[in-house]
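Residue numbering restarts at 1 for every chain, and letters A, B, ... go by the order of the sequence lines.
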Amino acid sequence: MIKITDMKKKAPYMWEIDKSFRSDMNVPARIFATREMLDDVLKDRSIEQLVNVATLRGIQSAAIVMPDVHEGYGFPIGGVAATLWPSGVISPGGIGYDINCGVRLVKSQLELSDIKSRIKLLGAAIYTSIPSGVGKGGDILLSEAKLDEVLRHGAQKMVQKGYGFEADIDHTESRGCLENADPAMVSHQAKKRGEDQLGTMGAGNHFVEVGVVEEIYDEECANAYGLFENQITVLIHTGSRGLGHQVATDYIKIMMGKMRDYGIVVPDRELACAPFDSPEGQKYFAAMAAAANFAWANRQAIMHGVRLAWRDIFGGKLEDLELLYDVAHNIAKIETHIIDGKLQKVIVHRKGATRAFGPGNPEVPKDYRDVGQPVIIPGSMGTSSFVLAGANRSMELSFGSSCHGAGRQMSRSEAKRRVDATSIINELEHRGIHVQAGSLKGIAEEAPQAYKDVESVVNVVHEAGIAKKVAKLRPLMVIKG
DNA sequence: ATGTAC
């Protein structure tokens with residue numbers, strides 16, 4: 001049993017469990033949180049899971065969680081684990097079932113007063129143009145050859161096909177395409193599940209949200225990002241749907257069967273993994289990249305749907321809605337970081353964690369390079385979302401990573417038991433937030449009280465120096481599955 | 001998160 005006294009304060013808002021805590025740990029466990037948050041964090045298995053992650057072969061510096069941490073499959077959500085390239089392990093559980101779940105923030109040049117009377121009309125138009133719900137398909141049915149092109153080229157393929165503009169690619173993490181993707185490593189079953197899911201939202205915490213910039217904290221960054229007070233924005237949160245889920249399922253099973261051969265012992269079978277440089281590690285990494293590309297293509301297709309709906313209601317050109325940025329928050333990437341004073345290539349697993357590279361980093365788009373990359377943090381349904389700017393201290397503390405959202409504080413089943421969906425909808429409507437949703441069960445699971453307070457979560461990464469607050473967005477219209 | 005179980 002892990003106690004609060006096992007955690008030592010190492011820096012402001014940063015706590016560690018020493019690696020001597022358990023004999024199988026290779027590195028300490030690091031937690032970004034306030035003192036008050038630590039009590040809550042110990043209520044589920046997330047810190048025990050973090051200690052388990054610290055035992056992985058080749059893990060570097062520390063197993064890390066952000067203040068939005070909660071229990072996940074094997075690894076905690078809100079976690080970062082960097083393993084030594086190329087001999088350390090890669091683990092599907094460290095990325096998550098929804099490979100390249102992520103968010104993209106779209107900005108308009110309209111202000112609240114311009115759209116107020118037509119906001120519900122816009123919500124209905126978006127709801128109609130973007131299919132949502134579990135297992136739901138859409139209008140685009142891809143042949144296997146066409147799907148393979150999407151898996152190989154991601155958002156870039158969509159832009160080529162007319163679902164967007166070159167500027168969208170400039171403002172997408174990794175330009176919306178991981179080069180090592182290999183469609184041949186994605187099972188037939190995974191492709192079957194994905195063939196009609198491009199341009200669909202899915203369910204759970206996925207959404208499209210129309211919001212308004214309520215507060216600017218940092219003028220310089222806001223100017224670089226093109227954000228201003230009262231501006232209308234659209235936030236899109238979704239991932240790789242059934243395709244990514246099947247890739248994770250397939251490779252977790254394969255790795256569970258191979259771990260013994262590699263002499264890998266893990267404290268929880270959900271930490272199934274393989275050495276990165278093994279055939280299984282390489283195949284999973286190529287399949288994960290393909291699923292990540294599918295997710296980027298999906299968010300690109302959804303943004304296109306939003307642009308069409310927007311033009312129907314407000315007129316103008318499709319380009320009037322500009323992509324601010326698109327971030328992945330469930331992904332593994334090969335990056336170079338400084339470890340013990342030396343440059344080292346590592347496999348950075350981010351599971352419910354957002355890359356937060358600071359000023360000057362060549363991975364940051366040219367337009368934003370002077371201020372750091374946009375870090376987009378959606379709140380829970382009906383609460384504000386935040387835009388932050390990556391700061392260079394994230395490189396020393398968290399492998400260039402920040403939090404990804406509010407983080408659950410209630411399990412889905414507990415939320416369904418305790419929350420009445422209809423009263424949530426009424427409450428939000430009363431506060432001027434319209435909800436257009438397909439399922440009442442989904443509303444209960446995603447109720448604001450099922451989540452932590454996003455503002456306190458964001459304040460921790462701001463105060464720790466990982467990313468700085470730029471703007472706060474207040475929701476006006478939420479479209480869900 | 002997810003054709004919410006094989």
Task: Contact check, side chains of K157(A) and K161(A), non-hydrogen atoms, under 4.5 Å - done: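 Yes; the side chains approach each other to less than 4.5 Å.
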
- [ ] Could you tell me whether R350(A) and E335(A) have a side-chain N and a carboxylate O separated by less than 4.0 Å?
- [x] yes

Task: Interface with DNA chain B, restricted to residues 132-144 of chain A and to heavy atoms under 4.0 Å - done: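 Per residue number, the list reads V134(A), G135(A).
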
TODO: Taking atom OH of Y368(A) as the centre, report whether more than 12 heavy atoms of other residues, nucleotides or ligands fall under 6.0 Å from it.
DONE: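 More than 12 within 6.0 Å, yes.
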
Open item on the list: Go nucleotide by nucleotide along DNA chain B from the 5' end; which of K441(A) and G204(A) gets its closest nucleotide reached first?
Closed with: G204(A)

Could you check how far [atom1] of [X] sits from [atom2] of [N], rounded to whole Å?
X: Y251(A); N: dT2(B); atom1: OH; atom2: P; result: 21 Å
X: Y73(A); N: dT4(B); atom1: OH; atom2: C1'; result: 15 Å
X: I95(A); N: dT2(B); atom1: CD1; atom2: P; result: 17 Å
X: R241(A); N: dT4(B); atom1: CZ; atom2: C1'; result: 13 Å
X: Y97(A); N: dA5(B); atom1: OH; atom2: P; result: 13 Å
X: Q246(A); N: dA5(B); atom1: CD; atom2: P; result: 15 Å
X: M201(A); N: dT2(B); atom1: CE; atom2: C1'; result: 16 Å
X: F294(A); N: dT2(B); atom1: CZ; atom2: P; result: 11 Å

Hey, does [X] reach any base, or is it just sugar-phosphate, or nothing, if we go heavy atoms under 4.0 Å?
X: K416(A); result: nothing
X: A203(A); result: sugar-phosphate
X: G96(A); result: nothing
X: Q189(A); result: base

Open item on the list: Quick test of your reading: applying salt bridge (charged side-chain N to carboxylate O under 4.0 Å, His left out), list the pairs with at least one residue in residues 53-76 of chain A, sequence neighbours left out, ordered by first then second residue.
Closed with: none

Task: Pair F207(A) + H237(A): ring centers closer than 6.0 Å - done: yes

- [ ] If the plane angle is over 60° it's perpendicular, under 30° parallel, otherwise tilted; pick one for F75(A) and H349(A).
- [x] parallel

Open item on the list: Just to verify, what does K469(A) make a salt bridge (Lys or Arg N to Asp or Glu O under 4.0 Å) with, not counting sequence neighbours?
Closed with: none

